*Asks:* 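Input: one structure, supplied below.
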Amino acid sequence: MRILGMLVVLWVLVTIVFLLGSVVPSEPARAYAGAGASPQVIAQKRKELGLDQPLAVRYVDYLGRLAQGDLSESVHTHKPVADDIAEALPATLELLFAAVMITVLIGLGVGVATARPRRGTGLLRGALVAGASVPVFTLGLLALFLFYYKLGWFPSGGQVSPGAATVSGPTGFLIVDSLLRGQPEVFFDVLWHLVLPATALALTPALLTARTLRSSLRFSLRQDYARTARAKGLRERDVLWRHALRNSLNAPLTICGLELGGMLAGIAVVETIFAWPGIGLYIDRSIAAGDVPAIAGVTLVTGIVFVFANAIVDLLQLAVDPRLRRLA
Amino acid sequence: MGGRRRVGKARALAAPVLAALALGVTVAGCGDMSAGAVGSRAAIRVAYQDQIAGGIDPATFYSVEGDSVILSVYQTLLTYKPGTNKLAPSLATSWSVSPDGKTYTFRLRKGVRFQDGTGFESKAVKESFEREIAVKGGPSYMLEEVARILTPSPYKVVIQLKQPVAAFLNFNASMYGPKIVSPKALREHGEGDEAKRWLSEHADGTGPFELVSYRPSGPIVLHRFAGYWGPKARSEAVEITVVPNIGDQMLQLRSGQLNLIAHGVEPQLLPGIEADSAQQVLQFPAVVVPVLLLNPTKPPFDERSVREAFLADSGAAEAAEQVYESTAEPATTVVPPQLMPARLDPLPSPGPPRPAPTSQEITLTYTNIESDLRHLAERMQESLKSHGWNVTLRADSVNTQFGYASNPKAGPEAALSTYNPDAAGPATWLDPIYHTAGGLNLLGFSDKSLDRTLDEAGATVDQKQSLLKYAAAAREAGEQFAVIPIAVKNDVIVAGSNLTGFVHVPTYIWTVDYADLEEK
């Protein structure tokens, strides 16, 4: 039912994008054919692109092709949108994966570190609130200025350095392919390029996760089972790690799931700032170019990524919380 | 206890893994910083704002970002003398045109090699031209009138046209002009698609650089071609990265990671850059023209006098001066002066400002990706309002602007766009913009008499007579106040002060010849 519901949501989204594209006057055939093209050449290009058909026919044709994985041709890159996305998606997934890892590491670390009242936790809490309220583009620009321009620790952008050897296939994930092809220098180069964009993307969700985990942990540490554990002689650290933490993960995981949506939205900004060649950069350029097939294609793919990511979060929640398993 | 052991084991594993990652990242980082973006200091390091639309197949490439790569790797039969629009030999050493203007004979250069090592002969021209016609990409209209291509000898090619084309020689020297691709590459990578897939990401031409690596999203790496027939490129390599944000490009330039920004720096930033001794600003006359289009297919601009009043009240020249400062000249001719002598087609004056003749709401749109057009539109709106016009602004994509051409009545009343001609010569400016069937005639301007003059000029074999006819057409077009050039922009290039050897051609926009660049 859930998958069916999501399919309906994706269909509605794609339909809205298609109709918006049809309402706005546009003429990709003219852009393809060239400034000096004769009306006959333009008409021929319109025919090739199916633009000479009525709207309803184009819509049915579009959905039919969509069902077969054909997302039409991009006006901007002149290539099949599916090819463009297949090229850009691995880079985005690498960035997203790295950002999620950083979110989990920082969220867990800071959440646990601030759960028990210690000297300085108030200050840290203030920093968490402040950090979580900084917009992602500010973080990105600040990171570039400080860590690239001033300190020179990290590259300013891109996925790989210009002189690095080219790696292609088999997975499309540069970080995986470089290892499979035995090119560790490329692997580390990509990793080095990942640090700033992934951190900029992850920081706000990480701090939100940390705040949520901190609250949950504080609640759990006041529960009877924690008191019993202490009465049995367990050290406070063990009470936290072995008993309270697992019981407190539900809320942060829910936040992580919600924040994934935020990350997907923020990815266009981060990829543009750091010239990361993923679908965020692709959609940024496609929107500017009024490239409806590309916008519809990316809408569909990000929707699918969001559904999958949330499904993984749901499974994780089931794994850590037996109560949910019983309810399920 | 079990839980504690698991945590302990995980920690034991995590520590060396994290240490290795940190070491690797540090090594990668150090490598980059010491070697200047992993390349060598012998490499020219350039940034594009966008990936090359559609790849680097010269038969389909029809954008601006990417022309420097195409022109470094491939060559046309003719070229332009540096800094001018005068034709010069390239792969053809001489050429002649038959009296009827329909047969062009090119004598080809000997001793030229493709980057795959094979020799250049007339069959390469024939195969490349035929491929371009078959592929039907954006530039293929330049060969639309080709009837036959003959190769009477290895170093002579004869091209017969269906009818005279005034701009044919200019087409063969232009940025989008037909490039000569290795027949060997076409044969080996044809794969039933005219080698389109292969050539979109690979290259095999006769230019001073060869393509060694290409990723659509960057980096693109060119190396000096040792077998080049002409003077060897001064730099060993060119590395091109895609950096969408101009602010990031400036940071990279300041840090030395980049040493050339070919376009996109706002005029207001230039004084600050010029004050920095580590950087230099270079301006080259180019043919990049912001144009005001008024929609003559519907009220109120279906009346010439209203169009004239709108232009008079718009303060377009003052707006252009404010927006472009020293990087552009206000337009004074219908055809940019680089394409036709300025004395032949002065831009008519719309007269002094006057009260708006209509209260109708005017929508003035501008291309969304060009911030200069937005600034221009805002200043013009201000001036127009002060004369009683009711103007609203809207940003449109290029694709949307092209859409007006199909149904100009549904288009806006006025639009600002930027045009650059595909080649030198007045035909490449006047035909697409002012002819009823012109590809850039977006708001439906139509004047049958002007169409006839343009058609006649295009078919006139005598160059002088053709020029005079185009000049007459330009004056006629100017008097209509429907498509009005606002300014002629320079190509503004910002570079490290140690970069020398800038060679520029006015119609090759956003491009300098990489072969002449050298880092001192």
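Just so it is clear, the structure is predicted and the values come from calculations on it, not from any experiment. Just so it is clear, the values below take in all heavy atoms, side chains as well, and ignore hydrogens, waters and symmetry mates. Below, chains carry the letters A, B, ... as their sequence lines are ordered, and counting in each starts from 1.
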*Asks:* I'd like to check Val69(B) versus Tyr214(B) (side-chain heavy atoms, cut-off strictly below 4.5 Å). Are they in contact?
*Replies:* no
*Asks:* Go through the steps for Asp83(A) and Arg197(B) under the test salt bridge (Lys or Arg N to Asp or Glu O under 4.0 Å), then give the verdict.
*Replies:* CA-CA 12 Å; Asp83(A) 286 4; Arg197(B) 185 167 278 272; 3.7 Å; yes
*Asks:* Which region of Ala289(A), side chain (C-beta onward) or backbone (N, CA, C, O), has a non-hydrogen atom less than 4.5 Å from a non-hydrogen atom of chain B, or is it both or neither?
*Replies:* backbone
*Asks:* Let me know if Ile369(B) has heavy atoms under 4.5 Å from chain A in its side chain, its backbone, both or neither.
*Replies:* side chain
*Asks:* Side chain, backbone, both or neither: which part of Asp248(B) has a heavy atom under 4.5 Å from chain A?
*Replies:* side chain
*Asks:* So what's closer than 4.5 Å to chain B heavy atoms on Ile273(A): side chain, backbone, both or neither?
*Replies:* both
*Asks:* Flag the pair Pro244(B) / Asp284(A) as yes when at least one side-chain heavy-atom distance between them is below 4.5 Å, and no otherwise.
*Replies:* no
*Asks:* Taking the six-membered ring for Trp, are Trp429(B) and Tyr419(B) parallel (under 30°), tilted (30 to 60°) or perpendicular (over 60°)?
*Replies:* perpendicular
